[in-house]
Structures are given as C-alpha cells and as structure tokens.
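To start, the structure itself, in structure tokens.
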Amino acid sequence: LLDARDKARAKDLILEGEIDPEDVEIEADQEKLGWVLNELLANAIKFTPAKGSIKLSSQLRNKLVTVSIADSGIGIPSERINEAFEPFHQLDGSSTRKFGGTGIGLSLAQAIIKAHGSEIDISSNKGHGTIVSFSLKMRQNTSE
C-alpha cells in the first residue's frame with residue numbers, strides 16, 4: 001500500500017485509513033487480497049481529482065470484516081455501475097479518454113473476491129465520488 005500513498009501524495013490527495021482496532025484474522029489469500037486492495041486504491045486515485053480524498057476503512061460486524069474504499073472522485077452514473085466489472089471495458093471508451101488503463105483490473109478484483117465467497121459492491125453518484133466495498137469471513141478459531 002506504500003505505492004498508493006506515494007501516488008496519492010503526488011496527486012495532492014488526502015489518503016487516510018480507519019481500520020477497526022480489533023485484531024482479526026480473515027479467511028483470505030493475503031497476496032491476492034493485497035493485490036485487490038492496491039487495485040481498488042489505484043482506481044480511486046486515478047479517478048479522484050487533485051485536492052480530493054480517499055478513505056480506506058474496515059468494520060467488523062457479525063463475524064464479517066467489511067473493507068471499504070470511499071473517494072471524492074468523479075463517480076459513476078448509477079445505470080452504468082455494472083459495466084465497470086466488464087473485462088477490457090472502460091466507461092469512457094472514446095478515443096480522447098483521459099484515463100489510461102486496460103479495463104481489466106476491476107473484473108479481476110471481482111473474480112478474486114468472488115473466489116473468497118463475496119462480491120465487490122459499488123455505490124456511486126456521478127460527480128460525487130464512489131464507495132467500493134466487500135466483506136470477508138473472519139477466520140474461525142480452531143482451538144475452541
């Protein structure tokens with residue numbers, strides 16, 4: 001996540017984290033989950049204008065850990081949110097689009113989270129930012 005901090009700083013964005021203080025282990029492939037978090041943070045940074053903000057948070061509820069990334073970026077029209085998960089598809093597909101990328105990151109992130117028994121949820125309003133979240137099960141204590 002150091003890369004995200006550097007990219008946010010370079011773009012003059014506020015990047016903050018609010019992680020539930022409990023020491024909780026989740027059932028997940030740490031390497032793949034780390035990739036997903038980096039991908040989601042990279043998207044938030046890419047689509048948030050300078051002086052904007054991005055917040056990474058986690059919350060523990062009912063033996064689920066919900067991870068959320070909220071940004072003050074350009075947002076996505078509600079009727080186009082599902083398109084964001086289509087591989088090799090970008091919402092601005094024009095020849096003059098100003099955001100780079102292949103359009104594969106979010107679909108791969110969704111596949112990884114689905115393999116963990118969850119789904120990525122996107123809540124957004126065009127011009128008012130986006131919240132991307134997913135929930136994962138807590139690891140069961142085998143000594144009980």
Side-chain angles (χ1 to χ4, degrees), residues 1-93 97-126 128-144:
L1 301 179
L2 292 175
D3 189 42
R5 279 192 216 138
D6 292 341
K7 286 180 181 179
R9 191 176 300 120
K11 199 169 171 185
D12 199 16
L13 300 173
I14 297 168
L15 178 61
E16 59 183 322
E18 185 177 294
I19 307 299
D20 199 319
E22 292 191 45
D23 186 23
V24 174
E25 289 187 35
I26 55 175
E27 295 182 5
D29 178 316
Q30 290 185 2
E31 185 178 328
K32 288 187 175 43
L33 183 58
W35 183 89
V36 167
L37 287 173
N38 277 317
E39 183 65 26
L40 297 178
L41 284 168
N43 276 348
I45 292 166
K46 183 192 309 187
F47 295 108
T48 300
K51 308 281 188 207
S53 64
I54 299 165
K55 182 177 182 179
L56 170 65
S57 63
S58 74
Q59 187 174 42
L60 175 61
R61 187 177 300 150
N62 300 326
K63 298 194 179 196
L64 289 175
V65 176
T66 300
V67 177
S68 299
I69 297 172
D71 67 53
S72 63
I74 62 173
I76 304 168
S78 58
E79 68 276 4
R80 299 194 68 196
I81 286 175
N82 285 336
E83 290 179 48
F85 295 111
E86 294 176 17
F88 304 108
H89 179 77
Q90 292 203 340
L91 295 180
D92 178 9
R97 74 173 197 231
K98 64 187 212 179
F99 302 104
T102 62
I104 191 80
L106 197 53
S107 66
L108 285 175
Q110 178 74 298
I112 290 168
I113 295 302
K114 280 186 175 185
H116 284 82
S118 188
E119 285 196 37
I120 293 177
D121 181 56
I122 298 177
S123 170
S124 187
N125 289 308
K126 186 167 176 61
H128 297 286
T130 300
I131 300 171
V132 179
S133 61
F134 58 89
S135 298
L136 298 172
K137 295 178 189 174
M138 290 175 46
R139 184 178 309 275
Q140 298 299 313
N141 188 345
T142 57
S143 64
E144 291 180 358

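Predicted model, so just to flag it, every value in this text is computed and none were measured.
Interatomic distance, CD1 of I54 versus OG1 of T48, reported as 4.5 Å (0.5 Å rounding). Here OG1 of T130 is found 7.5 Å from CD1 of I122. Values are rounded to the nearest 0.5 Å. Distance check: S135 OG to I113 CD1 gives 9.5 Å after rounding to the nearest 0.5 Å. For the atom pair L15 CG and R5 CZ, the distance stands at 7.5 Å (nearest 0.5 Å). Residue L33 holds its CG atom at 12.5 Å from CD of E27, rounded to the nearest 0.5 Å. In this structure, NZ on K55 lies 12.5 Å from OG on S72, to the nearest 0.5 angstrom.
The two residues P77 and K126 come nearest to each other via the heavy atoms CG-CD, 3.8 Å. Closest heavy-atom contact between G129 and S124: O-OG, 3.0 Å. Heavy atoms only, all atoms of each residue included: L13 and K51 are closest at CD2-N, 4.0 Å. Closest non-hydrogen pair, S118 versus L136, comes out as CB-CD2, 4.3 Å.
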Output, in order, the C-alpha distance, side-chain angles, deciding distance and verdict of side chain to side chain contact (heavy atoms under 4.5 Å, CB included) for K11 and I45.
CA-CA 8 Å; K11 199 169 171 185; I45 292 166; 4.3 Å; yes

Starting from the C-alpha separation in whole Å, work towards a yes-or-no answer on side chain to side chain contact (heavy atoms under 4.5 Å, CB included) for I76 and F47.
CA-CA 10 Å; I76 304 168; F47 295 108; over 6 Å; no

Apply side chain to side chain contact (heavy atoms under 4.5 Å, CB included) to the pair L56 and L37, showing each step before the final yes or no.
CA-CA 9 Å; L56 170 65; L37 287 173; 4.3 Å; yes

Go through it in stages, so that I can follow the logic: the residues are W35 and I112, the test is side chain to side chain contact (heavy atoms under 4.5 Å, CB included), and I'd like the CA-CA distance, side-chain angles, deciding distance and then a yes or no.
CA-CA 9 Å; W35 183 89; I112 290 168; 3.7 Å; yes

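Taking 4.5 Å as the limit, some side-chain heavy atom of Q110 sits within range of a side-chain heavy atom of E119. Using a 4.5 Å heavy-atom threshold, the side chains of L106 and L40 count as touching.
Heavy-atom contacts from other residues, nucleotides or ligands closer than 6.0 Å to CG of D12 number more than 12. Annotation for E79: atom CD counts as buried by contact number, over 12 foreign heavy atoms lying within 6.0 Å.
Formation of a donor-acceptor pair under 3.5 Å by the H116 side chain with backbone atoms of D29 is found in this model. Panel note: side chain N125, backbone H128; no donor-acceptor pair is recorded below 3.5 Å. The closest donor-acceptor contact from the side chain of S58 to the backbone of T66 lies at 3.5 Å or more, if one exists at all.
Remark: of the listed residues N43, D71, I120, D121, I120 is the sole one forming a side-chain contact (heavy atoms from CB on, under 4.5 Å) with V132.
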